[in-house]
Amino acid sequence: MKIYNTMTRKKEEFVPLVPGEVKMYSCGPTVYNYFHIGNARPFIVFDILRNYLEYRGYKVTFVQNFTDVDDKIIRKAKEEGITEKEVADKYIEEYFKDAEGLGIKKADYHPRVTELIPDIIEVIKKIQDRGFAYEVDGDVYFDTAKYKEYGKLSKQDMEELEAGARIEVGEQKKNPMDFALWKKQKPGEPAWDSPWGLGRPGWHIECSAMAMKYLGETIDIHSGGQDLIFPHHENEIAQSEAATGKPFARYWMHNGFINVNNEKMSKSQGNFFTVRDISESYDLEVVRLFMISSHYRSPINFSKDLLDSTKNSLERLYIAKNNLLHLMGNAEDKEENEDDRAFRNRLLTYKDRFIEAMDDDLNTADAVSVIFDLVRDINSNINENSPKTIIKSAYDMFIELTSVLRIVNKEEESLDDEIERLIEERQKARKEKNWALADKIRDDLKNRGIILEDTPQGVKWRRI
RNA sequence: GGCGACAUAGCCAAGUGGUAAGGCAGAGGACUGCAAAUCCUUUAUCCCCGGUUCAAAUCCGGGUGUCGCCUCCA
């Protein structure tokens, strides 16, 4: 598999440190609110990466953190008159609800900053012992001047960065680019005891400490949004490599942004849609398919119209799946003929093409198009006369490929008795060529959200 | 100023040297009692100008336009 590595700005062949195993870390949310679909993009994309690597036989260990101490959480807690922990607990719970709707599996570890304070302190001590950090009156800063490779990920040199850097009031940095590893407690803020007195970790150090704790000193893949390249990931590299003297991450992956009217969607700009809001009008699976219909590094525009279009696409996939289930339920066992055998051979080519697309830096858009090609082939060549074995093979391939992307997952629901009765009544009317009654029942059901289709094997139904 | 991304049909979107995947929407046809679904047909001077090449959406140079990071941010 090839992965575009932000560090080298090239697609590189992916070779894990330990053959057959992948250690990956993805920056998770700061839990002070529902997350928006811009936040959702990396969650979905890297969930698919993880799933795909597992599909290809790797043993993957995946870590995604929750930032549960931070200025915004502290502010939110004050506003609502509750503790920081209560804010974090609530939005972690809500995160999992939305993530589940989006088809995102849980990571192997979801560490929280507040649970790893001792580990974080240990890492800071190591950095300090090795001479890459200094303390000023209860604050501990990373000394960027000591770390010669600072800027290697974002390709910035120190002078340029310093020109744009800002120093907050009250900070006592030696160098504008230095950043806090440990922040001295301010009145009313949560704090933990440390060798430097009461305080809390800086933002960047948590990811270094967590990756190290769960994955080791050198990890395979580190991922997040493009806006994290600088300063967050740059700082993570500096801290981690200062602490261990070893390379931190071998592959850096960054997803592009979601825009609204071509402007970046962000909480600070207020032009965002939360996943929770969207879930009231759309099945979140639509959002998942929307996200993976373009390459993860490209910017994408978001709008309700695009979601509607994606919704119709997804419908096509569901119809194909349910068709196959319907056919399988009624199919006969019989010999496969020459066309069937040709079809069976073709099935494997879709899998090959799918893998080829995914191997090319996770080209999910291309992978999805392979699934649509497969669907067309199925719709053209599989019907009520096909042998059960061939229908089953088509179905299995469809499920295999869609499962990697974790789309078209939902099971068909059952109908309530009254609707079953109406369908039977309509069938009776149709037999008697009472088209008026038959059409009336069909229209009524449509108004209730159920579409009927008459097929050679009886009536099929689906929800709108 | 530094670093970077993007520009392909009405809309979305793959494709990084051999002459344009896929989806949505639209039109026509087949099928159907009528539908629905499905299938078939149909819609692109690949932002502009040069250059390299037998051959460029794809490489190089120069434009134009849009956006992002450099400050909390996926």
Side-chain angles (χ1 to χ4, degrees), chain A residues 6 9 11 26-30 35-46 70-72 151 153-157 159-168 177 203 223-232 234 254-259 261-269 272 289-290 293-295 297-301 303 305-317 319-320 322-323 326 353 357 360 363-376 378-383 430 433-436 438-439 442-443 446 451-456 459-462:
Chain A
T6 308
R9 309 279 162 112
K11 278 188 201 173
S26 202
C27 291
T30 300
F35 65 91
H36 61 67
I37 61 161
N39 301 319
R41 189 173 193 187
F43 303 157
I44 292 170
V45 165
F46 299 116
D70 149 274
D71 289 346
K72 283 169 292 210
L153 180 67
S154 54
K155 311 290 181 226
Q156 302 275 348
D157 62 58
E159 284 181 22
E160 290 296 339
L161 285 171
E162 281 179 27
R166 225 192 281 167
I167 302 187
E168 300 287 329
M177 294 319 300
W203 172 40
S223 56
Q226 263 166 10
D227 53 351
L228 297 184
I229 294 173
F230 189 90
H232 184 56
E234 200 70 75
H254 294 96
N255 61 276
F257 288 119
I258 302 222
N259 299 323
N261 296 326
N262 282 318
E263 303 264 309
K264 175 179 167 181
M265 175 185 300
S266 73
K267 283 179 182 168
S268 50
Q269 288 194 40
F272 64 92
L289 180 58
F290 171 73
S293 295
S294 47
H295 188 89
R297 282 189 284 120
S298 310
I300 47 181
N301 243 318
S303 73
D305 283 350
L306 293 174
L307 232 39
D308 286 334
S309 164
T310 306
K311 185 183 173 197
N312 291 339
S313 301
L314 185 59
E315 183 73 16
R316 179 170 162 84
L317 298 180
I319 287 169
N322 291 332
N323 255 332
H326 190 244
R353 285 173 55 203
D360 183 15
N363 193 337
T364 52
D366 227 359
V368 168
S369 82
V370 173
I371 292 175
F372 277 101
D373 283 341
L374 169 65
V375 163
R376 164 163 293 133
I378 288 172
N379 287 338
S380 303
N381 293 291
I382 297 291
N383 56 44
R430 288 183 70 225
K433 298 201 190 298
N434 185 350
W435 307 125
D439 290 352
R442 187 170 62 193
D443 288 345
K446 190 176 177 187
I451 290 187
L452 296 187
E453 299 175 11
D454 301 322
T455 76
V459 189
K460 284 181 58 197
W461 63 272
R462 67 176 205 273

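For the numbers below, each heavy atom of this structure counts, side chains included, while hydrogens, waters and symmetry mates do not. Letters A, B, ... mirror the listed sequences (proteins, then strands); counts begin at 1.
Below the 3.5 angstrom threshold, one finds no donor paired with an acceptor across the side chain of A:Arg41 and the base of B:A74. No N or O donor and acceptor, one from the side chain of A:Asp454 and one from the base of B:C31, sit under 3.5 Å apart. Under 3.5 Å, the side chain of A:Lys311 and the base of B:C24 form no donor-acceptor pair of N or O atoms.
Going from the C1' atom of B:U42 to that of B:A9 covers 13 Å, rounded to whole Å. A gap of 33 Å separates the C1' atoms of B:A30 and B:U19, to the nearest Å. Spacing of C1' atoms, B:U64 relative to B:G22, comes out at 30 Å, to the nearest Å. Across B:C60 and B:G23, the matching C1' atoms stand 34 Å from one another, rounded to whole Å. For B:C11 and B:C69, the C1' atoms lie 29 Å apart once the distance is rounded to whole Å. For the P atom pair drawn from B:G26 and B:C59, the interatomic distance equals 36 Å after rounding to whole Å. Look at the C1' atom in both B:C67 and B:G61: the space between them is 24 Å, to the nearest Å. With both ends at atom P, the span from B:U38 to B:U53 equals 50 Å, rounded to whole Å.
Ion pairing of A:Asp439 with A:Arg442 is present here, as a side-chain N (NZ or NE/NH1/NH2) and a carboxylate O approach within less than 4.0 Å. By the 4.0 Å N-to-carboxylate-O rule, A:Lys264 lies close enough to A:Asp227 to be salt-bridged with it. In summary, A:Asp454 and A:Lys460 do not engage in a salt bridge, as defined by a charged side-chain N under 4.0 Å from a carboxylate O.
The side chain to side chain contact (heavy atoms under 4.5 Å, CB included) test with A:Ser223 singles out one residue from A:Cys27, A:Pro42, A:Ser26, and that residue is A:Ser26.
Using a 4.0 Å heavy-atom cutoff across all strands shown, A:His36 reaches at least one base atom of the nucleic acid. Residue A:Ile371 is out of contact with every strand shown, counting any heavy-atom pair closer than 4.0 Å. At the heavy-atom level, A:Asn379 lies under 4.0 Å from the strands shown only through sugar-phosphate atoms. Counting any heavy atom pair closer than 4.0 Å across all strands shown, A:Asp366 reaches a base atom. When heavy atoms are screened at a 4.0 angstrom cut-off, A:Lys155 is found touching the sugar-phosphate backbone but no base atom. Note on A:Arg430: a base of the nucleic acid sits closer than 4.0 angstrom, heavy atoms only. Looking at heavy-atom distances under 4.0 Å, A:Asp373 makes contact with sugar-phosphate atoms alone, never a base. Heavy atoms of A:Thr310 sit nowhere under 4.0 angstrom from any nucleic acid atom. A:Gly38 comes within 4.0 angstrom of a nucleotide base, judged by non-hydrogen atoms across all strands. Among the protein residues, A:Ile229 comes within range of no part of the nucleic acid, since none of its heavy atoms lies under 4.0 Å from any strand.
Rounded to whole angstrom, the span from the CD1 atom of A:Ile300 across to the P atom of B:A5 amounts to 18 Å.
Between A:His232 and A:Trp203, the ring planes lie parallel to each other; the angle is under 30°, not in the 30° to 60° tilted range.
Taking only side-chain nitrogens and oxygens, A:Asn312 never comes nearer than 4.0 Å to OP1 or OP2 of B:C24. Between B:C24 and A:Ser293, no contact under 4.0 Å exists linking OP1 or OP2 to a side-chain N or O. The phosphate of B:C73 has OP1 or OP2 within less than 4.0 Å of a side-chain N or O from A:Trp203. An OP1 or OP2 oxygen of B:A37 is reached within less than 4.0 angstrom by no side-chain nitrogen or oxygen of A:Asn323. Under 4.0 angstrom from either OP1 or OP2 of B:G23 there lies at least one side-chain N or O belonging to A:Arg316. When the side-chain nitrogen and oxygen atoms of A:Arg376 are compared with OP1 and OP2 of B:C40, one or more of them lie within a distance under 4.0 Å. Listed pair A:Asn363 / B:G15 meets the phosphate criterion, a side-chain N or O lying under 4.0 Å from OP1 or OP2.
The number of heavy atoms from other shown groups lying within 6.0 Å of NZ (A:Lys311) does not exceed 12.
Considering only the side chain of A:Leu306, B:C11 comes nearest among B:C11, B:A35, B:C69. Closest approach to the A:Ser294 side chain among B:A13, B:A35, B:A74 is made by B:A13 (side chain taken as heavy atoms from C-beta onward). Nearest nucleotide to the side chain of A:Glu453, out of B:A37, B:C34, B:A74: B:A37.
For the 3.5 Å distance criterion, the side chains of A:Asn261 and A:Asn301 fail to qualify, holding no donor opposite an acceptor.
Judged by centroid separation below 5.5 Å and plane tilt below 30°, A:Phe257 does not stack onto the base of B:A74.
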